[in-house]
Amino acid sequence: MSEKKPERREFLFTASYAVGAVGVGAVVWPLIDQMNPDASVKALASTEVDVSSVQPGKTITVLWRGKPVFIKRRTPDEIEEAKAVKMEDLKDPEKDEDRAINPEWLVMVGVCTHLGCVPLNDKGDYNGWFCPCHGSHYDTSGRIRKGPAPLNMEVPKYEFVNSNTIKIG
Amino acid sequence: MSNQEYIPKSKFGKWFNDRLPLLTLASHLTDYPTPKNLNYWWTFGGILTFCLITQIVTGLTLAMHYIAHADLAFESVEHIMRDVNYGWLIRYIHANGASMFFLAVYIHIFRSLFYGSYKSPREIIWIIGIIIYLLMMAAAFMGYVLPWGQMSFWGATVITNLFSAIPLVGEGIVNWLWGGYSVDNPTLTRFFTLHYLIPFLIVGLVVLHIWALHVPGNNNPVGIDVKKPSKDTVPFHPYIVIKDGFALLMFTIVFAFFVFYSPNILGHADNYIEANPMVTPAHIVPEWYLLPFYAILRSVPDKLMGVVAMLSAILILAALPWLDTSKIRSAVFRPLYKQFYWILLADVLILGYVGAMPAEGLYLLIARVATAYYFIHFLIILPILGFKEKTIPLPLSITEPVLGGFPNSAIIKKKESLD
């Protein structure tokens with residue numbers, strides 16, 4: 001048996017299993033993929049927000065794709081503080097300029113990158129946000145500074161439609 | 001109590017049994033020889049069966065009135081509570097039944113730990129049990145989401161986000177679980193479907209659990225092998241049936257106390273506020289039965305490692321038959337293990353306590369020490385103890401400790417010949 005070529009029957013078995021596995025995969029995939037975000041969920045792509053009434057230092061929260069988005073009009077002090085931070089002090093190094101197109105406006109998904117809670121405004125050790133669930137502290141640029149969260153709060157794709165309106169998504 | 005092949009008495013019985021041996025099965029279950037020294041800690045298997053049936057029956061009836069939709073779920077639960085005949089009763093039994101189920105399962109697990117019921121030849125029974133326990137946690141978690149209150153929503157958000165800790169594919173998996181970009185209606189409907197499915201999977205596994213149990217037979221407080229059937233065993237019916245029945249009665253008194261006198265004490269007031277994706281409750285806490293694992297999750301300052309630690313804490317139990325190197329089953333004859341057993345129990349209770357407290361300061365420190373000890377117990381203490389511990393000599397039979405000496409072999413022989 002040792003140095004014999006594969007027999008016809010063995011080849012047929014292997015080929016049959018292979019074809020069978022492809023067939024099973026083709027049947028299982030639609031059953032798995034049906035759980036992914038559907039067309040109607042994906043269609044809710046963008047939201048326009050009027051920010052004319054937001055005072056400096058205040059934050060508004062809007063819902064985008066089922067998630068809260070923080071829009072903060074930062075004070076000069078807060079912008080200063082965010083810019084002064086050294087990159088080596090950051091867990092997820094990112095410059096403030098890269099996070100806020102217009103430094104006065106910080107737009108980010110208000111979801112803690114740890115396990116998805118909504119952090120509280122103007123709380124924590126870095127004057128930014130504090131997540132009450134597991135104690136993550138974010139700075140005035142929404143960057144993670146202390147606690148279990150691994151990443152900065154996500155900045156979504158957004159643009160200023162005009163000076164008073166922000167379009168998220 | 002006979003070893004003989006069962007033969008039905010009636011002609012129809014015999015005809016039927018030849019085609020489907022259900023009567024043989026019934027006879028096996030009735031006569032099943034059980035060690036006669038089983039104490040009340042052994043009644044929780046029966047109690048757990050009762051809990052499972054209770055959850056299925058109340059769950060089926062609740063499903064007749066509940067509406068699995070993000071806009072209607074919260075109201076439909078209030079509708080059950082206020083309008084449906086006895087809806088309040090059925091829902092309170094179902095909600096508190098989950099807690100009673102876990103109470104019983106924890107006693108059942110800690111009984112196994114004390115008496116070494118997971119050891120050879122009962123490893124498969126134990127592993128099936130761990131799978132049942134995992135499914136119970138999944139069912140309880142998804143069930144808690146269905147009322148669509150604040151705790152439902154944020155509990156679902158936090159737990160599903162655990163999967164986002166997986167490198168590279170984590171985000172994709174979470175969106176797949178949610179069916180969107182946040183916990184929303186698609187999440188609720190699939191959780192309802194799975195919450196409905198899992199109990200029936202558990203029923204199937206319980207059958208396997210009992211089947212695997214009936215191969216070697218029950219362990220017992222002395223932990224030695226028992227000859228079956230013999231003077232050391234009694235038939236399951238009526239002896240164990242009556243004892244289990246009495247224990248069940250006691251258990252239902254505790255159950256009824258919660259249902260009728262403090263139905264909300266084990267829940268969280270925040271869950272009577274409808275889910276709001278804009279506001280996280282100030283203090284998210286899982287149900288009491290998941291707290292020790294929650295404490296382990298929070299005690300690790302890294303996201304991925306926290307999740308790994310939490311899952312390991314559960315999965316490590318499956319390896320227990322091989323981590324515990326001692327051949328002696330019962331802690332009664334293991335003076336050192338007995339002490340470590342109580343320390344482990346205290347450790348798990350401490351983890352449960354700090355899991356309910358904010359993760360900061362002294363609580364966090366305690367959680368870290370307790371988490372470390374939990375793993376030390378299983379990974380270091382148990383393997384070493386099996387080699388180092390000086391155990392107490394085992395009795396020759398389960399009758400010996402009762403009689404206070406060696407059994408009189410002459411009497412036993414005489415009795416066995418009568419049997």
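Atom set for the values below is all heavy atoms of this structure, side chains included, hydrogens, waters and symmetry mates excluded. Throughout, a chain's letter reflects where its sequence line sits, starting with A, and its residues are numbered from 1.
- For B/T371 (side chain) and B/S299 (main-chain N/O), no donor-acceptor pair under 3.5 Å exists by modelled atom type.
- Here side-chain hydrogen bond (donor to acceptor under 3.5 Å, both in side chains) pairs that include residues 170-193 of chain B, with residues two or more places apart or in two chains, are B/T160-B/W178.
- Contact annotation for residues 54-69 of chain A against chain B (heavy-atom separation below 4.5 Å, listed by residue number): A/T61, A/V62, A/L63, A/R65, A/G66, A/K67, A/P68.
- In this structure, chain B has a heavy atom under 4.5 Å from the side chain of A/H134, while its backbone stays farther away.
- Within the 4.5 angstrom heavy-atom criterion, only side-chain atoms of B/I284, from C-beta onward, approach chain A.
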*asked:* Go through it in stages, so that I can follow the logic: the residues are B/I56 and B/V203, the test is side chain to side chain contact (heavy atoms under 4.5 Å, CB included), and I'd like the CA-CA distance, side-chain angles, deciding distance and then a yes or no.
replied: CA-CA 10 Å; B/I56 289 177; B/V203 168; 3.6 Å; yes

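- Ionic pairing of A/R74 and A/D96 is present here: one or more N-O contacts between side-chain nitrogen and carboxylate oxygen are shorter than 4.0 angstrom.
- Sequence neighbours left out, the pairs with a member in residues 75-88 of chain A that pass salt bridge (Lys or Arg N to Asp or Glu O under 4.0 Å) are A/K72-A/E78.
- Using the six-membered ring where Trp is involved, B/F102 and B/Y289 have ring planes that are parallel, under 30° apart on the 30 and 60° scheme.
- Contacts of B/F153 with chain A are absent, with no heavy-atom separation under 4.5 Å from either backbone or side chain.
- For A/T113, the part lying under 4.5 angstrom from a heavy atom of chain B is the backbone only.
- Counted within 6.0 Å of CD on B/E75, heavy atoms from surrounding residues, nucleotides or ligands total 12 or fewer; the atom is thus considered open.
- Of the atoms belonging to B/P301, it is backbone heavy atoms, and not side-chain ones, that fall under 4.5 Å from chain A.
- Heavy atoms closer than 4.5 Å to chain A are found in the side chain of B/L297, but not in its backbone.
- Scanning for ring pair (Phe, Tyr, Trp, His ring centres under 6.0 Å) contacts around B/Y363 gives an empty result, with sequence neighbours left out.
- Aromatic ring orientation, A/Y17 versus A/F13: parallel (interplanar angle below 30°, classes split at 30° and 60°).
- Among A/S40, A/P132, A/C131, A/P119, the residue making the largest number of heavy-atom pairs under 4.5 Å with chain B is A/P132.
- Counting heavy-atom pairs closer than 4.5 Å to chain A, the top residue among B/A165, B/P277, B/S164 is B/P277.
- Both the backbone and the side chain of B/T157 have a heavy atom closer than 4.5 Å to some heavy atom of chain A.
- In this pair, B/Y106 and B/Y133 present their aromatic rings perpendicular. The plane angle is above 60°, beyond the 30 to 60° band.
- No side-chain donor from either of A/S141 and A/D139 sits under 3.5 Å from a side-chain acceptor of the other.
- Contact annotation for A/I32: both backbone and side-chain heavy atoms come within less than 4.5 Å of a heavy atom of chain B.
- Contact of B/P358 with chain A is not made at all, since no heavy-atom distance falls under 4.5 Å.
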